[in-house]
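Below: the structure, in structure tokens.
Every value quoted in this text rests on a predicted model; they were computed, and no experiment measured them.
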Amino acid sequence: MIGKYLFAVLLVVLPCLAPAQQQHLSNIDDFIAKQVVDYKMPGLAIGVIRDHQVIFKKGYGTTSLSNGLAVNTQTVFPISSCTKSFTAVALGILVEENKLNWDDKVIQYLPEFKLSDPWITKELTIIDLLSHRSGLATFDGDLLWYGTSYTRKEIAQKIRYATIRNDFRTEMGYQNVMYLVAGLVVEAISGKTWEAFVREQIFVPLGMSNSHTDREWLKPGSNFAFPHIRNKPIPPMDMSNIAPAGGIDASIDDLLIWMEMWLGEGSVEEKRFVDDGAIQTMTSLKVLTSESADNGYGLGWYINYEQGKKIIRHDGGMPGYHSSIVLFPETGSGIVILTNKLSPINDQLINVIKSYLQGPTVMNWLTADSAMSAKGTVYKWDREPENVNKLNSSITGFDDYLGVYEDKVYGQAVIRTENGKPFLELLPAKEAFSGCLYASGQDTLTIVFNDPFVPPGKVIFERGTDKKIKHFKLDID
């Protein structure tokens, strides 16, 4: 119900703004407030920079639909994969200190590291790690960290068994595990944990006092946005084993400083924090993401061009969270949006605010509201789960499937009965990847996972020539 969604909080408008400018910002405020209601968002925080000046920042809604606080610009949200640019900068700092070169081989610093292809293992560089061109396909290895008890070093060790499915250096495969490896390189060179290095070398110098690399600070009543699925708060996921790829929590206030640094080519208020050459390296194309030479990935950023003008962007998403940072370097402008519910609102708001930045005096807010065309969209994670009462838990020949299975990359899985019902449990991530099994087809079962973020999947068994079960494949949409 709309009454549950709290609004408002902090609108920053400089007193010297002209009345027309104040009216523009009031229009933005009214527009966003309406969208928060229309999209049924628990909470949202946004910041906008134009011509290197913060012109708007505000929080809407609540940190939790269960006795939450009002969101403001100091509310801390997990930023998920927007963390990747921080890990890239950490390595850039080591380059500036002459402790590392971008083209150095990874095994120079991590001699035990391996991929399944010995030649790629020998040739893989720091740039290859950070630009997703390692030869691993998109999301390969994610099951190693999602909800598991594996440490970072264990994940880096197990990825050696993953099949190389992409063309090395020419084909992009979006990789979280390779950013984990990049974090291990930071630790090997600096002698500090990735967490400590980012705090001491990035957060402290930039004055990002409300940003965190772990959750040790989080206490009851903290100004922290809790994730929501199906309009109910859920516990935030522990990201410590994949932190260099997605473990930073931050506020809008702090991310606006971060954006100013990038728009200032490494400087904030005439104080240099990162060498502009490193900034250029990180924001230049290293691998293409489409057939167009204008679309690709740098180091920690997606890069594309519209009408010849560069746009730098990254998003992050985890159960109940969506983060978005977009930079327009040529105009010194940028947008950051943090939400505690996965929703298409981020992309749609960015398109509208981008139009406003290009022409504030001609902005038609009624037309913009009509352009927010995804108001009724429900992401699969927010759909009501399949009605298990309609599924058939009586599986013919279930005894054939019972037993312990093992994958050399992932680990063990067990098919058994629990409380008299067919059950699958992936042992490295029991809480996320376990659930009841239901009849679906010939040697195919449906699994409904305990984790509400993981959609139902198919368990497909294969038999040998002796008609006995040899293994199964798990297919999740």
Does any part of the side chain of [Y], heavy atoms only, come nearer than 4.5 Å to the side chain of [X], both counted from C-beta?
X: Asp38; Y: Asp369; value: yes
X: Tyr321; Y: Leu342; value: no
X: Trp102; Y: Val95; value: yes
X: Leu115; Y: Ile159; value: yes
X: Leu427; Y: Glu406; value: no
X: Ile325; Y: Trp262; value: no
X: Leu474; Y: Leu426; value: yes
X: Ile337; Y: Leu349; value: yes

How many angstroms lie between [atom1] in [X] and [atom2] in [Y], if you round to the nearest 0.5 Å?
X: His322; Y: Lys341; atom1: NE2; atom2: NZ; value: 13.5 Å
X: Ile350; Y: Ile345; atom1: CD1; atom2: CD1; value: 10.5 Å
X: Gln201; Y: Ile93; atom1: CD; atom2: CD1; value: 5.5 Å
X: Trp258; Y: Cys82; atom1: CH2; atom2: SG; value: 11.0 Å
X: Ile335; Y: Leu357; atom1: CD1; atom2: CG; value: 5.5 Å
X: Met261; Y: Leu255; atom1: CE; atom2: CG; value: 11.5 Å

Show your working on side chain to side chain contact (heavy atoms under 4.5 Å, CB included) between Ile353 and Val48 and close with a plain yes or no.
CA-CA 8 Å; Ile353 302 300; Val48 182; 4.0 Å; yes

Under a 4.0 Å threshold between the charged nitrogen and the carboxylate oxygen, would [Y] count as salt-bridged to [X]?
X: Glu269; Y: Lys271; result: no
X: Asp30; Y: Lys34; result: no
X: Lys473; Y: Asp407; result: no

Got a donor-acceptor contact below 3.5 angstrom from the [X] side chain to the [Y] backbone?
X: Asn210; Y: Gln74; value: yes
X: Thr125; Y: Asp104; value: no
X: Asn351; Y: Gln348; value: no
X: Asp249; Y: His212; value: no
X: Asp275; Y: Gly277; value: yes
X: Arg152; Y: Pro244; value: no
X: His52; Y: Gly264; value: no
X: Arg133; Y: Asn166; value: no
X: Glu187; Y: Trp194; value: yes
X: Thr62; Y: Leu69; value: yes

Check: [X]/[Y] side-chain N/O donor and acceptor closer than 3.5 Å:
X: His314; Y: Tyr302; answer: no
X: Ser134; Y: Asp128; answer: no
X: Ser222; Y: Trp217; answer: no
X: Thr331; Y: Ser333; answer: yes
X: Ser284; Y: Lys286; answer: yes
X: Tyr150; Y: Asn241; answer: no
X: Asn346; Y: Tyr39; answer: no
X: Asn72; Y: Tyr60; answer: no
X: Thr289; Y: Asn295; answer: no
X: Thr73; Y: Lys58; answer: no
X: Asp253; Y: Ser251; answer: no

Among all residues two or more places apart in sequence or in another chain, which pass the salt bridge (Lys or Arg N to Asp or Glu O under 4.0 Å) test with Asp315?
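Scan of Asp315 (salt bridge (Lys or Arg N to Asp or Glu O under 4.0 Å), adjacent residues dropped) gives Arg313.
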
Nearest heavy-atom pair of [X] and [Y]: which atoms, and what distance?
X: Ile189; Y: Lys99; value: CG2-CB, 3.8 Å
X: Val186; Y: Ser190; value: O-OG, 2.7 Å
X: Asn340; Y: Gly43; value: OD1-N, 2.7 Å
X: Ala182; Y: Leu130; value: CB-CD2, 3.8 Å
X: Thr63; Y: Phe224; value: CB-O, 3.3 Å
X: Phe77; Y: Thr339; value: CE2-C, 3.6 Å

Answer yes or no: does atom [atom1] of [X] have more than 12 heavy-atom neighbours from other residues, nucleotides or ligands under 6.0 Å?
X: Lys421; atom1: NZ; value: no
X: Glu431; atom1: CD; value: no
X: Lys158; atom1: NZ; value: yes

Ser80 and side-chain contact (heavy atoms from CB on, under 4.5 Å): which single residue from Met239, Met318, Met237 fits?
Met318

Please identify which of these residues, Leu94, Ile202, Thr87, Thr213, meets the side-chain contact (heavy atoms from CB on, under 4.5 Å) condition with Phe197.
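It is Leu94; the other options fail the test.
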
Could you go through Val89 and Val274, starting from their C-alpha distance and side-chain angles, then the distance that decides it, and tell me whether this counts as side chain to side chain contact (heavy atoms under 4.5 Å, CB included)?
CA-CA 8 Å; Val89 166; Val274 181; 3.9 Å; yes

Determine, using ring centers only, whether Phe433 and Tyr146 are less than 6.0 Å apart.
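Yes, close enough.
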
My understanding is that only residues two or more places apart in sequence, or in another chain, count here; which of them pass side chain to side chain contact (heavy atoms under 4.5 Å, CB included) with Pro329?
Lys310, Ile312

Within residues 174-183 or reaching into it, pairs that qualify as side chain to side chain donor-acceptor pair (under 3.5 Å) - sequence neighbours excluded
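Sorted pair list: Ser81-Tyr174, Lys84-Tyr174, Lys84-Asn176, Asp142-Asn176.
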
Would Arg165 and Asp140 count as a salt bridge (charged side-chain N to carboxylate O under 4.0 Å, His left out) if you check the C-alpha gap in whole Å, the side-chain angles of each, and the deciding distance to 0.1 Å?
CA-CA 9 Å; Arg165 299 192 288 156; Asp140 276 354; 2.5 Å; yes

